[in-house]
Amino acid sequence: MPSEPPRSRRIAARADPAMLERAARELAAFAAEERLADDELARLDLALGEVLANVVAHARPVGDAEGVAVDLTLSASPDAVLVTVEDRATVAAVDLAAVSMPAEDAESGRGLALALAVLNGFSHEEREGGGNRWTLRLRRRRG
């Protein structure tokens, strides 16, 4: 029997604070459609929120572009949920292998460490033609 094809949802937005709220709403609706457990949604919401907050705060447009465009793809199979965030911004100088939780009294710098902690897979790569691709993967519980 062939495996079920993944189901997906795409969202295009500008990297601004309103995008954070929209992404959270879209993720919650997608999670309800896919019948994700509450803790699975919470983990994805935390990780996605941290990645998008970094894009909003740190992404810089390429050339003379007005703002940073972001494409968000949510996809699910019976085994996993995959979230892809692609932007058209200057490439982020990030080494996820070197990311660690900052000191307790640090005022920032926890986002990528939290995403790494709650996901089963998290990667960053430069997109062909410029920009960034962040891939978040969460295994689904069975039954």
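Since this is a predicted model, take the numbers as computed values, not measurements.
- With sequence neighbours excluded, the residues satisfying side chain to side chain contact (heavy atoms under 4.5 Å, CB included) with D16 are R14, A18, M19.
- Of all non-hydrogen atoms in A28 and L41, the two that sit nearest each other are CA-CD1, 4.2 Å.
- Of all heavy-atom pairs between P61 and G67, the closest is CB-O, 3.6 Å.
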*Start with the C-alpha gap between V83 and T73, add the side-chain angles, then the distance that decides, and say whether side-chain contact (heavy atoms from CB on, under 4.5 Å) holds.*
CA-CA 6 Å; V83 179; T73 304; over 6 Å; no
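- Linking ILVMFWY side-chain heavy atoms closer than 4.5 Å, directly or via other members, places F30 and L46 in a single hydrophobic cluster.
- Atom CD of residue E26 and atom CD of residue E21 lie 13.0 Å apart, to the nearest 0.5 angstrom.
- Closest approach of V55 and A15 over heavy atoms only: CG1-CB, 3.9 Å.
- Distance CZ/R9 to CD/E34: 9.0 Å, rounded to 0.5 Å.
- N120 places a side-chain heavy atom less than 4.5 Å from the side chain of R43.
- Residues V91 and L52 do not share a hydrophobic cluster, clusters being chains of Ile/Leu/Val/Met/Phe/Trp/Tyr side chains in contact below 4.5 Å.
- Heavy atoms of other residues, nucleotides or ligands lying less than 6.0 angstrom from CG of D95 number more than 12.
- Taking all atoms of both residues into account, the shortest heavy-atom contact from D45 to A24 is OD1-CB, 3.8 Å.
- Residues L82 and L44 are members of separate hydrophobic clusters, defined by side-chain heavy-atom contacts under 4.5 angstrom among Ile, Leu, Val, Met, Phe, Trp and Tyr.
- Connection of I11 to V68 is established within a shared hydrophobic cluster, with ILVMFWY side chains joined at heavy-atom distances below 4.5 Å, either directly or through further cluster members.
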*Applying side-chain contact (heavy atoms from CB on, under 4.5 Å), run through L72 and L27 and close with a yes or a no.*
CA-CA 10 Å; L72 174 65; L27 178 60; over 6 Å; no
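- Of all heavy-atom pairs between R22 and A13, the closest is NH1-CB, 4.0 Å.
- Across all their heavy atoms, V118 and A47 have their closest contact at CG2-CB, 4.0 Å.
- Ionic pairing of R127 and D87 is not present here: no N-O contact between side-chain nitrogen and carboxylate oxygen is shorter than 4.0 angstrom.
- Distance alone, capped at 3.5 Å, places no donor-acceptor pair between the R137 side chain and the V81 backbone.
- Side-chain atoms of N132 never come within 3.5 Å of backbone atoms of E125 as a donor-acceptor pair (strictly under, hydrogens ignored).
- In terms of hydrophobic clustering, with Ile, Leu, Val, Met, Phe, Trp and Tyr side chains grouped at heavy-atom distances under 4.5 Å, L116 and L48 are assigned to a common cluster.
- With a 4.5 Å cut-off on side-chain heavy atoms, D79 and R140 do not count as touching.
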*Full working for side-chain contact (heavy atoms from CB on, under 4.5 Å) between D71 and R88*: CA-CA 9 Å; D71 292 314; R88 285 172 285 291; 3.0 Å; yes
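- Looking at R60, its side chain never comes within 3.5 Å of a backbone N or O of T90 through a donor-acceptor pair.
- Taking the six-membered ring where tryptophan is involved, the planes of F122 and W134 are essentially parallel, since the angle between them stays under 30° and well short of 60°.
- A salt bridge does not link R7 with E33: every distance from a Lys NZ or Arg NE/NH1/NH2 to an Asp or Glu carboxylate oxygen is 4.0 Å or more.
- Side-chain contact between R141 and D39: present, with at least one pair of heavy atoms (C-beta onward) separated by less than 4.5 Å.
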*What's the verdict on side-chain contact (heavy atoms from CB on, under 4.5 Å) for T84 and R133, showing C-alpha distance, side-chain angles and the deciding distance?*
CA-CA 7 Å; T84 305; R133 178 179 296 114; 3.7 Å; yes
